[in-house]
Amino acid sequence: MRLSHYPINTVKETPAEAEVVSHQLMLRAGLIRRLAAGLYSWLPLGLRVLQKVERIIREEMNRAGAFELVMPVIQPAELWQESGRWTKYGPELLRIKDRHQRDFVAGPTHEEVITDIARRELKSYRQLPVNFYQIQTKFRDEVRPRFGVMRAREFIMKDAYSFHLDEESLREGYRAMYDAYTRIFTRTGLKFRAVRADSGAIGGDVSQEFHVLAESGEDAIVFSDADDYAANLEAAAALPPTEPRPAAREERRKVATPGARTIEDLARFLKVDPARCVKTLIVEGTEGAVVALVVRGDHELNQLKAQKLPGVASPLQLANAARVQAATGTEPGYVGLVGLECRIYADHAALALADFVCGANEKDQHLTGVNWDRDVPGATPADLRKVVEGDPSPSGRGRLKIARGIEVGHIFQLGRNYSEPMKALVLDEAGRETALYMGCYGIGVTRIVAAAIEQNHDERGIIWPDPIAPFQVVLVPLNLQKSDRVRAATDRLYAELTDAGIEVLLDDRDARPGVKFADAELLGIPHRLVVAERGLEAGRLEYRHRRDRESTEFPAGEALSFIRARLG
RNA sequence: CGGAGCGUGGCGCAGUCUGGUAGCGCACUUGCAUGGGGUGCAAGGGGUCCCGAGUUCAAAUCUCGGCGCUCCGACCA
């Protein structure tokens, strides 16, 4: 491809709208353009990257035996009413009406449609197991789209759905997708990690996420330093302390703590470690009453764990000030445990404390020397907190470390969550009707491109991993317009590499060297060849990988073999 | 949905407070020079100043209403 005829504009200045580096670089390099909030056009150069990612995905999905199909973006509301998600999904689901005032949705995902296909097409266990996938545009009306294509409203997703006669087959199919995903992300050239996850809104029992590791990632993932345990922070269990609780030594005392509403204030005021205080959070329960959740002062509540407890409203909702007042007799900031009437869940780490500090249920007052059995009988032990770095791994080996990641894939075992309400049934060997077991498997295709840049860039621009680079080689002739020798060598080289099937971007613009180098680095083409009078005098060309600091020279006649060796 | 901010050629911004000829840098076009790290000189093209209403002799500028966007939070995967 000749750059002089390629529709691309690079930009020196960073657009004001872009916050994260991948978004900035995608705009500056001319990969995408914004149409409206969370809506992006993919320009030709960006599309080349996208298609490389799609190709890898297709090859591996096909290799895993899945069948590609395409389903409509617009879906009738009836299907969503059948599955129950018409009411459950919330405002992220874009609902639209056609000219007859019939309700439709812009598909954020396709469980309903594929289940409809399954119940029509799959009649017999002989047709199972089967896996369908598509690569297609999804729409989720995000409250706050941000970070360019990383969290867009419209994005491209690879979604796959498998159907099985029984759980064992589902587990096999899930395992096959886990392996396919591992191959896919390995082939993109990105550093990634598979972690255990909570299955969230889509529902189901078992699920894992694939994260591209990047400092700027939105998600925290935890892993053991001693084995292969890895989980989303939300899904990581906190083990109860192994040491027994010390005996109570202090008497309970009420102390004045004017204005100390937060643990931080309290710890500073009383000159006590936050880890010797407890936080009491009042949340809405399921039957009108409130529930108290207790975590150690230096720990944070894990919302996901909390809302799974019996009697706690899901989604978790903190009680407002009036409800707190009614339940405790005081305002948030001074809520405590002694004499509290409602149900109390206490985190294991909080339960391990003796002689701790908590609110006194009285404004500007706290209690010290509080002890569980003596002062607060009847608290239910629970795992309530977010794990922190250094916690013992739930796997029993090693300690937890925390890293940042960008979620690019998610696989679920859905079981019969959709097939039962939507009556997707087949006949088994005995001729009995039985509901299908189902798995679903997503990859954020457009997000992979942004994640690749987050993980691979420097101050000059993008550094594409070879497998998804828009071009493999950028050919930079210097003084092309004036030097016949440079022109002849360039034309010959471009033809030779192109004929060999290598994707070459030839910068044949009448621009000065600095401009060409700067653009080549911004665009992030991994391999750069420079053709110049200086080298040609000695019969040599110049090569530099985007990650290299220095160029290397080699004989001009060996260009093809030299490059091939580097393309791997 | 709550808070903050922004809207002026394609991009980045000044001008708005204190009303009076719409400006700068980048990009783009043309010419000449230059040719190993965003080069120089010169000449050009391109703007309903987000929209609407109002005040005024006069509105980018003041007032009111609306729309759009960005960031933080809540929310969500």
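All values derive from a computational prediction rather than experimental measurement. Quick note on labels: first sequence line is chain A, next is B, and so on, each numbered from 1. What you see below is based on every heavy atom in this structure, not just the backbone, and it leaves out hydrogens, waters and symmetry mates.
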So which nucleotide from [options] ends up closest to the side chain of [X]?
X        : options             : value
A:Glu13  : B:C11, B:G37, B:U70 : B:C11
A:Lys12  : B:G35, B:C76, B:A27 : B:A27
A:Val530 : B:U34, B:G36, B:A77 : B:G36
A:Glu142 : B:G35, B:C76, B:A77 : B:C76
A:Arg28  : B:C69, B:U34, B:G38 : B:G38
A:Phe517 : B:C75, B:G37, B:C71 : B:G37
A:Glu521 : B:G37, B:G36, B:U70 : B:G37
A:Asn479 : B:G37, B:A77, B:G35 : B:G35
A:Pro513 : B:A77, B:G38, B:G36 : B:G36
A:Arg146 : B:U70, B:A74, B:G35 : B:A74

Taking any heavy-atom pair under 4.0 Å as a contact, classify [X]: base, sugar-phosphate, or nothing.
X        : value
A:Arg153 : nothing
A:Glu533 : nothing
A:Lys482 : base
A:Arg33  : nothing
A:Glu92  : sugar-phosphate
A:Arg528 : base
A:Asp219 : base

Which nucleotide, in any strand shown, forms a Watson-Crick or G-U wobble pair with [N], with both distances under 3.5 Å?
N     : result
B:G54 : B:C62
B:A33 : B:U39
B:C26 : B:G10
B:A4  : B:U70

Are any of A:Gln481's side-chain N or O atoms less than 4.0 Å away from OP1 or OP2 of B:U34? no
Same-atom distance ([atom1]) from [N] to [M], integer angstrom:
N     : M     : atom1 : answer
B:C28 : B:C64 : C1'   : 40 Å
B:A60 : B:A4  : P     : 28 Å
B:C67 : B:G52 : C1'   : 10 Å

When A:Glu521 is tested against each of A:Arg528, A:Lys516, A:Arg547 for salt bridge (Lys or Arg N to Asp or Glu O under 4.0 Å), which residue passes? A:Arg528
Comparing nearest nucleotides in RNA chain B, the 5'-proximal residue of the pair A:His211, A:Gly38 is A:Gly38
Along RNA chain B (nearest heavy atom to each residue), the more 5'-positioned of A:Asp510 and A:Asp519: A:Asp510
Among A:Val449, A:Ile448, A:Ile468, A:Val149, whose side chain to side chain contact (heavy atoms under 4.5 Å, CB included) with A:Leu50 holds? A:Val449
Could you tell me how the ring of A:Phe471 sits relative to the ring of A:Tyr6: parallel (under 30°), tilted (30 to 60°) or perpendicular (over 60°)? perpendicular
Just wondering, do A:Gln455 and A:Glu215 contact through their side chains at under 4.5 Å, heavy atoms? no
For A:Glu264, does the CD atom sit with more than 12 other heavy atoms under 6.0 Å from it, leaving out its own atoms? no
Rounded distance (Å) that lies between atom P of B:C32 and atom CZ of A:Arg512: 17 Å
Pairing of A:Lys386 and A:Glu300 as salt bridge, 4.0 angstrom limit: yes
Give the C-alpha distance, both sets of side-chain angles, the deciding distance and a yes or no for ring pair (Phe, Tyr, Trp, His ring centres under 6.0 Å) between A:Phe554 and A:Phe562. CA-CA 8 Å; A:Phe554 65 92; A:Phe562 185 91; 3.8 Å; yes
